[in-house]
Every structure is written in structure tokens, then in C-alpha cells.
Amino acid sequence: MPELPEVETTRRGVAARVIGRRIVDLQVYDPRLRWPVPTDLKDRLQGYIVEALERRSKYLLFRIGLGTLLVHLGMTGSLRVYSRPPARVRHDHVDLVFDDDAVLRYHDPRRFGAMLWAPSPVDAHPLLRSLGPEPFDPAFDGDYLWRVTRSRTAAIKLALMDSRLVVGVGNIYANEALFRAAIRPATPAWRVGRSRLTRLVSEVRAVLSEAIAKGGSTLRDYVDAGGEPGYFQLNYYVYGRAGEPCRICGSLIRHSRLGARSSFYCGRCQRP
DNA sequence: CCGGACGCCTGTCGGC
DNA sequence: TGCCGACAGGCGTCCG
């Protein structure tokens with residue numbers, strides 16, 4: 001499910017409820033995630049205050065006690081804060097219980113997500129160490145993208161989704177940003193010129209900003225910390241619209257496959 | 001270093 | 001109605 005806008009929406013919703021609160025208990029109902037929830041996690045969390053909740057790439061970083069609780073939502077993970085937690089349902093994995101009785105619950109049917117402990121400094125953690133710049137980092141600009149794609153023969157869409165080059169851009173927003181920048185997804189990255197890459201950078205930022213403003217995208221099961229869906233899927237130009245008319249020129253949106261992921265584009269607006 | 005394929009899981013949907 | 005394969009928002013790992 002979640003790309004950067006959904007993770008960021010979750011971060012904001014969760015932060016409003018848990019920053020400054022003390023963790024009084026941790027209940028692990030099902031530790032089977034991408035990696036097992038560490039058995040000693042409770043020791044690292046219980047009795048400590050959540051000092052900050054940050055985001056790096058699609059990882060949520062809870063600054064707690066002597067380190068960081070690292071949470072990734074994978075494809076179907078969600079975090080919700082409950083004042084009065086309802087009965088657990090299938091695929092609920094973990095509850096963090098706070099001193100005001102609020103509960104932060106992690107739910108993840110496909111179990112591609114993760115809940116791990118990282119000692120300081122968190123940036124040195126193996127999962128974070130090789131990540132490229134954030135899309136809103138000034139270091140991510142047209143010149144940078146131009147430089148790192150000169151020797152890349154693979155498709156520009158794959159480069160955009162390569163977390164070593166830039167983080168946070170998943171399949172939906174890669175398709176949308178490339179449409180807005182009028183670049184075909186399958187274009188070899190090295191063939192895209194500097195000015196077009198500068199355009200791409202600004203379109204990546206634009207589409208992510210707009211998606212965050214709409215609370216992200218809800219395709220099937222994404223909800224934010226309060227259980228609310230996002231609405232940005234209503235603003236898609238191409239994602240999931242194969243066979244439907246382009247919102248700009250009316251020609252039919254095409255579908256192809258890059259790697260194992262679906263690509264969508266307009267054959268007229270996005271020149272080869 | 002680069003690029004592609006695979007695997008991890010469950011749920012849903014379309015076609016027969 | 002039932003079954004079966006394809007596919008889904010991610011990404012670490014392995015191999016050439």
C-alpha cells in the first residue's frame with residue numbers, strides 16, 4: 001500500500017497522538033512480519049517516552065529511550081491509534097499501550113512490513129544506510145538526477161523507483177510523475193536530458209505534495225492513523241487507467257510491464 | 001556497480 | 001457457484 005504520501009500521512013496522525021506520551025506496555029500478538037518482531041523490544045520501549053516521530057524514506061522512526069523503533073508498512077501495513085481499542089482482528093500484530101490508555105496498533109495482512117529496534121545512530125542501520133536523498137531534499141535536483149543516470153541503460157521509471165537514487169517514489173507516484181513530466185516510463189534513463197530531469201524532479205515533488213495534502217491514496221485497504229482513507233486516487237492521470245481516455249488529450253491510456261510492475265502512460269502526451 | 005529475477009505473504013478479482 | 005491464475009501500494013537478496 002503505502003508510498004511516501006501514505007507513510008507521511010500516517011506519521012502526522014500518529015505523531016499528534018503519541019509524542020510526549022509514555023509507553024506502559026507492548027503486546028506482540030503475532031511477531032511474524034518480514035523479520036520477526038524482536039523478543040526484547042518490550043524492554044527497550046516500556047517506561048520510555050516517545051520523543052519524536054520522524055520519517056526516512058518509507059520508514060517511520062519513533063525516537064524512544066536509547067534508540068529508535070523502526071516501522072515499515074510494507075504493502076499492506078497500517079498503524080492506527082485508538083483511544084478505546086476495539087477487539088483484535090485477524091492480522092493485528094502489535095499493540096503499543098500508552099500512559100493515557102491510547103493504543104497504537106500495527107495491522108498487516110501480507111506481513112511484508114517490519115517492526116525493529118535500531119540503536120543510535122539510526123542512519124547507520126543496514127536498512128537505512130544505502131538510501132538516497134529524500135525527494136524534498138534540495139540535494140535531489142535535476143543536476144543530481146542527470147549525474148546519477150548517465151550510465152543507466154535501464155528504464156527511467158526503474159531509476160526513479162531505485163531507493164539508492166531517491167527514496168519514497170513507488171509504483172503509483174512514479175507513473176504519475178512521469179506522465180506529468182511527459183516522459184515515457186520505458187525510456188532508457190541515460191536518454192533523458194538534463195532539463196527534462198529537472199522537470200521530473202519538480203513533478204515528483206508536486207505529485208507527492210498533492211497526494212500528502214489529500215491524505216494519500218486508498219486503493220483497497222490504506223487508512224491513516226485515525227482510520228480515514230486518502231483521496232488522491234481520484235486525481236490519478238494514468239495509474240490503473242489502462243484503456244480509459246487521457247485526461248489531457250483523450251487518447252487511451254496504455255499499459256505495459258517494467259520489471260514486474262505495471263506501467264501506465266499516454267502514448268500521445270508522453271513521447272517516446 | 002548494474003540489472004534482472006525471485007521470494008516473502010494474503011486477499012481479491014476476472015475468466016472459465 | 002467454484003476453482004485457478006494473475007495481480008496488488010515494497011524491497012532485501014541473490015546471481016550473472
Side-chain angles (χ1 to χ4, degrees), chain A residues 1-11 30-37 55-60 70-79 89-93 106-116 118 125-132 135 147-178 185-191 204 207-208 211-212 214-224 229-236 238-243 255-264:
Chain A
M1 78 136 132
E3 298 186 35
L4 188 146
E6 293 75 36
V7 177
E8 178 61 20
T9 302
T10 296
R11 187 193 68 78
D30 183 354
R32 298 173 306 159
L33 293 175
R34 175 152 200 184
W35 299 279
V37 177
R55 180 188 56 72
R56 172 78 173 105
S57 185
K58 296 168 191 166
Y59 294 91
L60 289 167
L70 196 149
V71 177
H72 196 289
L73 302 178
M75 291 275 265
T76 53
S78 57
L79 279 176
V89 297
R90 192 170 156 78
H91 305 310
D92 284 344
H93 284 80
Y106 183 77
H107 177 88
D108 189 359
R110 286 178 74 182
R111 299 197 257 128
F112 287 175
M115 191 171 279
L116 300 169
H125 191 277
L127 292 172
L128 304 187
R129 202 174 355 185
S130 306
L131 296 177
R147 195 158 27 82
V148 298
T149 52
R150 285 317 82 190
S151 60
R152 291 232 166 195
T153 56
I156 184 66
K157 177 164 176 265
L158 297 178
L160 200 52
M161 294 176 66
D162 185 338
S163 62
R164 294 168 300 184
L165 303 189
V166 61
V167 301
V169 186
N171 198 32
I172 294 177
Y173 299 105
N175 278 297
E176 294 296 316
L178 288 165
T187 309
W190 67 270
R191 282 187 171 277
V204 165
V207 73
L208 294 177
I212 291 169
K214 303 248 171 172
S217 299
T218 294
L219 264 33
R220 56 174 47 111
D221 49 14
Y222 169 74
V223 289
D224 71 12
Y231 294 95
F232 189 70
Q233 67 278 7
L234 302 174
N235 295 58
Y236 291 170
V238 289
Y239 185 83
R241 297 193 65 244
H255 175 263
S256 69
R257 231 156 236 298
L258 243 32
R261 319 299 295 278
S262 279
S263 290
F264 302 91

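Just so it is clear, the values below take in all heavy atoms, side chains as well, and ignore hydrogens, waters and symmetry mates. In what follows, chains carry the letters A, B, and so on, assigned in the order in which the sequence lines appear, proteins first and then strands, with residues in each chain numbered from 1. Keep in mind that this is a model prediction, so the values were computed, not measured.
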Check: Base, sugar-phosphate, or nothing: which does A:Phe232 touch, judged by heavy atoms less than 4.0 Å apart?
Finding: nothing

Margin query: What contact category does A:Gly170 fall into here, base, sugar-phosphate, or nothing, at under 4.0 angstrom with non-hydrogen atoms?
Written below: sugar-phosphate

Next item on the list: Compare side-chain N and O positions of A:Arg257 against OP1 and OP2 of C:dA8 and report whether any pair is under 4.0 Å apart.
Entry: yes

Next item on the list: Please state the C1' separation for the pair B:dG11 and C:dG12 - nearest whole angstrom.
Entry: 23 Å

Next item on the list: Starting from P on C:dC11, measure out to CG on A:Leu131 and report it in whole angstrom.
Entry: 9 Å

Next item on the list: Name the nucleic acid region contacted by A:Ser163, choosing base, sugar-phosphate or nothing; use a 4.0 angstrom heavy-atom cut-off, strictly under.
Entry: nothing

Checklist line | For DNA chain B, stems built from three or more consecutive Watson-Crick or G-U wobble pairs below 3.5 Å | finding: B:2-8 with C:10-16, B:10-16 with C:2-8

Margin query: Across nucleotides 11-16 of chain B, 5' to 3', mark each nucleotide with B, S or - according to how protein heavy atoms within less than 4.0 Å reach it.
Written below: S-----

Next item on the list: Using a cut-off of strictly less than 4.0 Å, decide whether A:Thr153 has a side-chain nitrogen or oxygen near OP1 or OP2 of B:dG3.
Entry: yes

Checklist line | Which residue lies more 5' along DNA chain B, comparing A:Arg164 with A:Arg111 via nearest heavy atoms | finding: A:Arg164

Next item on the list: Quick one: pull up CG in A:Leu208 and CD in A:Glu8 and give me the separation to the nearest 0.5 Å.
Entry: 10.5 Å

Check: Which salt bridge (charged side-chain N to carboxylate O under 4.0 Å, His left out) pairs, counting each pair once, include a residue from residues 167-176 of chain A, with sequence neighbours left out?
Finding: none

